[in-house]
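Keep in mind that what you see is a predicted model, and the values were worked out from it rather than measured.
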Amino acid sequence: MKKLFEKIIEGVLACSGFVTSITIVLIILFLFSEALGLFNSRVIEEGYVLALNKDNKVSELTPAQIKNVFDEEITNWNEVGGQDMPIRLFRLEDITQYYTEEELGAAYEHAGVKITELVERTPGIIAFVPQQFIVRPDSVHLLQDNTISVKDVFAGAEWFPTATPAAQFGFLPLIIGTLWVSLFAILIALPFGLSVAIYMSEVANSRIRNLLKPIIELLSGIPSVVYGFFGLIVIVPFIQKVFNLPVGESGLAGSIVLAIMALPTIITVTEDAMRNCPRAMREASLALGASQWQTIYKVVIPYSVSGITSGVVLGIGRAIGETMAVLMVTGNAAVIPHTILEPLRTIPATIAAELGEAPAGGAHYEALFLLGVVLFFISLLINFTVEAVSARKR
């Protein structure tokens, strides 16, 4: 009976491990399948075309060039490899500037013919209109509509997924913002976390240790939105005043909040690793004439480096994956930051803020899933790097 019970328990545990592994694999496959569809999406908004005059020899534009044209930052066709003539923009809502209601018809039934005629007789025009309004496609020049490229996504410097006629899916500002905030968070949290762990493990007496440990562990149970409120009310005004900034929401504010959130994990794991150092190793070091501090940094810390590394990895994972607190204090600006004192936006904050508004199956939706893939690889790379460093130190 006992052996049967043990076999049942063994089978339950094996099934649990198998189901967990399959679930993780399915989640990853779903993430990749949704994300990779972005590169099959068209640059120009679905159902619309960019129509040029027949004499215009420009055949294609990048998403950034299209946006700059319609933002009137590019005003002459020679700036994009065309002839020397000014660019004239036309959107569907501009049609009443060219034609009267009588010419267009009571139900705008003549709008397609009039728009086509306008493109035919205007050399420098670029018209962003629904495809059905170009009634004679052979009489105009339609700009080539390519699919979104890997270069446009990973080297793009602008994130503007709702821009028309061409959405901007540049990941660069979001990736830099995420790495910048996480890096400074760890640079702030690691020295403090290591110092507190050394104090609790090697210096503090049992009464102080028993008082501090529950308090530090309690910090990890505080909801992230509470940390966000604390950062918004205390840290953001402090940074604004100290550095004389127009706004205090910045990468530094996000880094400080994340550092506070990562401290309990780093302290707890590091302190447990140091306390596992054998007493005999400490006594042998002291017997050879080493001081207490020499024993700490020459014996205890090298012995505990694997546990310390684990604490750092968990702390970095908390920093990179955090959403709400970062969203509240970093300014939520999807631009490439040049200093840590500028507003920025991270990948998790972008996904949290925009996924609910993105149409399912659309390019914006797929771009957010691709951001999740990027975040997955960043976490994976950090884990492999830290493990490699830890293995070398062993």
Side-chain angles (χ1 to χ4, degrees), residues 34-95 98 111-173 334 358-359 361-371:
E34 291 291 328
L36 295 179
L38 176 64
F39 300 114
N40 294 323
S41 301
R42 295 289 175 178
V43 170
I44 302 172
E45 188 175 342
E46 187 177 355
Y48 284 76
V49 294
L50 291 176
L52 311 180
N53 183 270
K54 194 74 171 178
D55 296 330
N56 196 329
K57 302 305 180 185
V58 175
S59 60
E60 61 179 310
L61 296 174
T62 66
Q65 288 174 330
I66 294 174
K67 181 179 181 299
N68 289 336
V69 166
F70 279 84
D71 287 346
E72 299 186 32
E73 295 178 11
I74 295 177
T75 58
N76 196 295
W77 285 108
N78 62 10
E79 298 179 54
V80 290
Q83 300 173 352
D84 184 13
M85 57 182 173
I87 296 174
R88 293 186 60 178
L89 302 177
F90 178 84
R91 295 181 175 88
L92 187 59
E93 57 268 24
D94 300 330
I95 193 170
Y98 296 90
V113 175
K114 296 300 182 182
I115 290 173
T116 306
E117 289 178 355
L118 179 64
V119 175
E120 288 174 349
R121 71 169 187 260
T122 309
I125 196 170
I126 177 169
F128 173 56
V129 293
Q131 189 170 5
Q132 65 266 27
F133 283 158
I134 303 297
V135 295
R136 295 188 297 274
D138 294 338
S139 64
V140 300
H141 173 42
L142 298 181
L143 205 64
Q144 184 176 340
D145 188 9
N146 298 318
T147 55
I148 297 172
S149 68
V150 175
K151 180 181 178 182
D152 291 335
V153 171
F154 289 99
E158 190 168 3
W159 173 264
F160 194 179
T162 57
T164 55
Q168 308 294 300
F169 295 112
F171 283 8
L172 207 54
H364 186 189
Y365 178 85
E366 293 166 342
L368 294 175
F369 271 88
L370 188 59
L371 281 174

Query raised in the report: Looking at CD1 of I134 and OG1 of T116, how far apart are the two atoms once the value is rounded to the nearest 0.5 Å?
Result: 4.5 Å
Query raised in the report: Do I148 and P63 come close enough that some side-chain heavy atom pair is under 4.5 Å?
Result: no
Report summary line: d(I115 CD1, I125 CD1) to nearest 0.5 Å is 9.5 Å
Report task. For Q131, look at atom CD and say whether over 12 heavy atoms of other residues, nucleotides or ligands are found less than 6.0 Å away. Result -> no
Query raised in the report: Taking C-beta and beyond as the side chain, do V49 and L143 meet within less than 4.5 Å on heavy atoms?
Result: no
Query raised in the report: When F90 is tested against each of F70, Y98, F128 for ring-ring contact (aromatic ring centres under 6.0 Å, His included), which residue passes?
Result: Y98
Query raised in the report: What is the distance from atom CD1 of I66 to atom CD1 of I44, rounded to the nearest 0.5 Å?
Result: 5.0 Å
Requested in this report: Taking the side chain as every heavy atom from C-beta outward, state whether F39 and L370 have any pair of such atoms under 4.5 Å apart.
Outcome: yes
Query raised in the report: Do Q65 and E79 touch side chain to side chain, with heavy atoms closer than 4.5 Å?
Result: no
Query raised in the report: How long is the span from the CG atom in L371 to the CD atom in E366, to the nearest 0.5 Å?
Result: 12.5 Å
Report task. Mark yes when over 12 heavy atoms from residues, nucleotides or ligands other than E93 sit less than 6.0 Å from its CD; otherwise mark no. Result -> yes
Report task. Could you verify whether a donor N or O on one side chain and an acceptor N or O on the other, from T164 and E45, lie under 3.5 Å apart? Result -> no
Report task. Calculate, to the nearest 0.5 Å, the distance between atoms CG and CG belonging to D84 and N76 respectively. Result -> 5.0 Å
Requested in this report: Measure the spacing between NZ of K57 and NE2 of H141 and express it to the nearest 0.5 Å.
Outcome: 8.0 Å
Query raised in the report: Below 4.5 Å, heavy atoms only, C-beta onward: do P123 and D55 meet side chain to side chain?
Result: no
Requested in this report: Could you check L38 against F369 for side chain to side chain contact (heavy atoms under 4.5 Å, CB included), going step by step and ending with a plain yes or no?
Outcome: CA-CA 9 Å; L38 176 64; F369 271 88; over 6 Å; no
Query raised in the report: Do Q83 and N78 touch side chain to side chain, with heavy atoms closer than 4.5 Å?
Result: no
Query raised in the report: What pairs with N56 under side chain to side chain contact (heavy atoms under 4.5 Å, CB included), at least two apart in sequence or on another chain?
Result: L52, V58, W77, M85
Query - Shortest non-hydrogen contact between G156 and P173, atoms and distance - result: O-CD, 3.7 Å
Query raised in the report: Do V69 and I74 come close enough that some side-chain heavy atom pair is under 4.5 Å?
Result: yes
Requested in this report: On the 0 to 90° scale, with breaks at 30° and 60°, tag the W159-F171 ring pair as parallel, tilted or perpendicular.
Outcome: tilted
Query raised in the report: Aromatic rings F169 and H364: how do their planes relate, parallel, tilted or perpendicular, breaks at 30° and 60°?
Result: tilted
Query raised in the report: For L172 and A155, which heavy atoms make the closest approach, and how far apart are they?
Result: CD2-O, 4.1 Å
Report task. Would you please test V140 and K54 for side chain to side chain contact (heavy atoms under 4.5 Å, CB included) and show each step? Result -> CA-CA 5 Å; V140 300; K54 194 74 171 178; 5.9 Å; no
Requested in this report: Using the side chain to side chain contact (heavy atoms under 4.5 Å, CB included) rule, take L142 and L50 through it: C-alpha gap first, then chi angles, then the decisive distance, then the call.
Outcome: CA-CA 6 Å; L142 298 181; L50 291 176; over 6 Å; no
